[in-house]
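Here's the structure, in structure tokens; my notes come after.
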Amino acid sequence: DNDKATMGLLPYSLTGDLIAGLTVGCMLVPQCLAFALLAGLPVQVGLYASFAPLLVYAAFGTIRQVQPGPTALMSLITGQALDSLGLTSETDRVGGAMFVAWLVGAISIALSIFRFGFIVDFMSHSVMSAFCAAAGVTIATSQLKHLLGIKMPRYEYWWEIVAHLIEHIGETDGPTIALGGTLLVILLFLKQWKGVGSEETRRKSLLWRWFPKRKTNRGFRALKLVADMSSLLSVLVGWFWGLAYRESGITSVNLVGKVKGEGLTFALPGKNLPDGMKLDTLLSSAAVMAVVGFLETMAVGGKFAMQARYDFDPNQELLALGLANCAGGLMAGYPTTGSFSRTAVNAMFGATSLVACTISSLLVLFAIFVLLDVVAELPLCSLTPIIIQGAMGVVNVHDFQMAFKASKAEFMVMMSTFVVSLGLSVKEGLLVGFVLSVLKTMNELANPNLAVCGRLPDKTFRDLRNFPNAEQLENAVVVRMDARVSFANSRKMKAFCFQAARVREKNGDKIEYVIIDGKSINHVDLTGCEMLEILAETLKGRGQHLILANLKGPVSTNLWTAGVAQKLHLYGGYLCIDMDEAIDITKGGDPSQASKRLGALVRSVEKAAHTQKAAQHHHVPLCGNAAKGNKSNLLMTPRSNHSTSGSPASQNVKLPPDAENKIEIKVVGPEELRPGPPPLSGETRADIVTQILDDQIPTAEDLPVHLTI
């Protein structure tokens, strides 16, 4: 089963890994050069950041199709972090980038140790979408200087870049625009063609009908390959175009220039840091990069893992990314993470394991030793289209449109994130978006939907505003709150119950009961418990009674444990597990049956919690080959083999670290105790076995239990 979970629907194929690894390697080399340029670093740093991190991730990662390395987003944040420190010289920026990589790695490893993989759930899609959109606009704008041939220093803020470009628009260079603009149009054209969709859609299009449409067609597959390898195409065409310029005497096109590199470079982090550098600024940027990098990897990797139905571990991914960034810092690299575009190409070309990642890194190693002299003659404007194409890919206008239609509050959070990211930096924008999304959630919790409900012919209770024909109970008012009852909304809930009763009374109805339909309530905190007690007491003073109905099991247990059930009973109120019981009480029925059913539900919930806890934490003693981790059947015979302390006599036998994950329990004995309904006294099979092992079932004297390890 573990092998099936690991493999999923993606069987391993060395051939697929080889083809995918070589393909992505050819794609990675030009991209890493361009992304290093985006970060304001020498191009060879991009190569350094694309070798060791890939090898380390291949050793520790769990998402089999991810291709890590430099990305546009991480490059942008790295460049902004170095800009905020005023680092301008090449040596200082390389030293700062190395140190940032180490900080990102250390933070990721710390998050992994403390199992913070769940942090991915605290970044809303709307905030990340706005954050990525602002990053895309910033990235594309920052590269226009290379596309237009305008000389421009690095600026910290986006609006400063825009102002400089407008002010110096007259300094544009014709040959540079011709080269860079042509390549950009080609790359965007290929990207649009690739994303058109089905053959039918292509046939209906006025433009794409003239291009290959059928996916099985050789022409289609050839053009698809060119589109996937568009980064390599841009570099090759740009290099030969630049050569033609130089041969014809045109020298205005800026080149990468001489690359300082002699193979692999190893250095300790912090070695080249300038004195007086604000480490707290770098630390905050590194924390943002660690979180954003993890989210980026999980977004793209998780998608392909789900499609192929194989398991992965988010916390292990944090560790893998952390170790990869530490390795990159040792080799004069800068922060890296999983790439959207390269991972997609990797999966499409048949990658089935992280062997493909290793092959890509070896191709980068070849480039480090062989291609640096060739890279020196590469026009900068041939790298720019690669960056702009990637930047435009993360700008999703549709998300803004949907948010505007669906939720104005969500739209305002997105716009605030977008504007702050452009006005200051993406780091501040992400922080503002996170804070605003939390405040929005708190506001929604404090102001939940409150409704007066009526009964439909199918006996369900629905909001009278949406179902005006629903029938209200004769002597009771039914209210519902679509949220957990907490300190933030308890006061509003109480006031609404009083108001609902008063409105009915003004209409001439005699209200004896206020029923709270709890089907939308999944938790009640202590403030909520106190509110319910006060509400019941106040209603009793008015000659009315409070009934909580349709309660979920955990909520019932919560209220029972907090003593709310007893207090409500004292004030003439009741807890019911469904609406039928509540209605029966309003008609003069016996409330004791409701109390009995509630007690049974509470005991069932507590028993389920006990069973789950036992399954997670109960250690079974091993002996013989089982202690060595080999599969073995153990026979737990009668109680005489157990110690009087309640744990097995053989408890001193050492357990393998993951023994509890390898236990298969088989109950052997009387027919009524074997797995399958009805279990003994309502107990589950696992709970029976747990109690047997803990000497808690006196009737199990002769019941042996087989444990397969």
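Looking at Thr297 and Thr337, their side chains do bring a donor and an acceptor atom within 3.5 Å of each other. Donor-acceptor pairing under 3.5 Å is recorded for the side chains of Glu317 and Thr62. Counting only N and O atoms by type, the side chains of Ser126 and Glu410 include a donor and acceptor under 3.5 Å apart. In this structure, a donor-acceptor pair under 3.5 Å is absent between the side chains of Asn315 and Ser112.
Rounding to the nearest 0.5 Å places OG of Ser382 at 11.0 Å from CG of Leu233.
Annotation: side chain of Tyr57 is in contact with side chain of Ile63 (closest heavy-atom distance under 4.5 Å). When side chains are defined from C-beta on, His146 does not count as touching Leu383, because their heavy atoms never get closer than 4.5 Å.
With sequence neighbours excluded, no residue forms a side chain to side chain donor-acceptor pair (under 3.5 Å) with Thr138.
The one candidate from Leu190, Leu184, Leu188 that meets the side-chain contact (heavy atoms from CB on, under 4.5 Å) condition with Ile186 is Leu190.
Heavy atoms only, all atoms of each residue included: Phe304 and Tyr310 are closest at O-CE2, 4.2 Å.
Using a 30° and 60° split on the angle between ring planes, Trp241 and Tyr245 fall in the tilted class, from 30° to 60°. Ring-plane geometry between His164 and Tyr155 is classed as tilted, the angle between the planes lying from 30 to 60 degrees on a 0 to 90 degree scale.
More than 12 heavy atoms of other residues, nucleotides or ligands sit less than 6.0 Å from atom CZ of Phe189. Other residues, nucleotides and ligands place no more than 12 heavy atoms under 6.0 Å from the CZ atom of Arg115.
Residue pairs that meet the side chain to side chain donor-acceptor pair (under 3.5 Å) test with at least one member in residues 174-185, sequence neighbours left out, are Asp173-Thr176.
Contact check on Arg93 versus Asp83 returns a salt bridge, with a Lys/Arg side-chain nitrogen under 4.0 Å from an Asp/Glu carboxylate oxygen.
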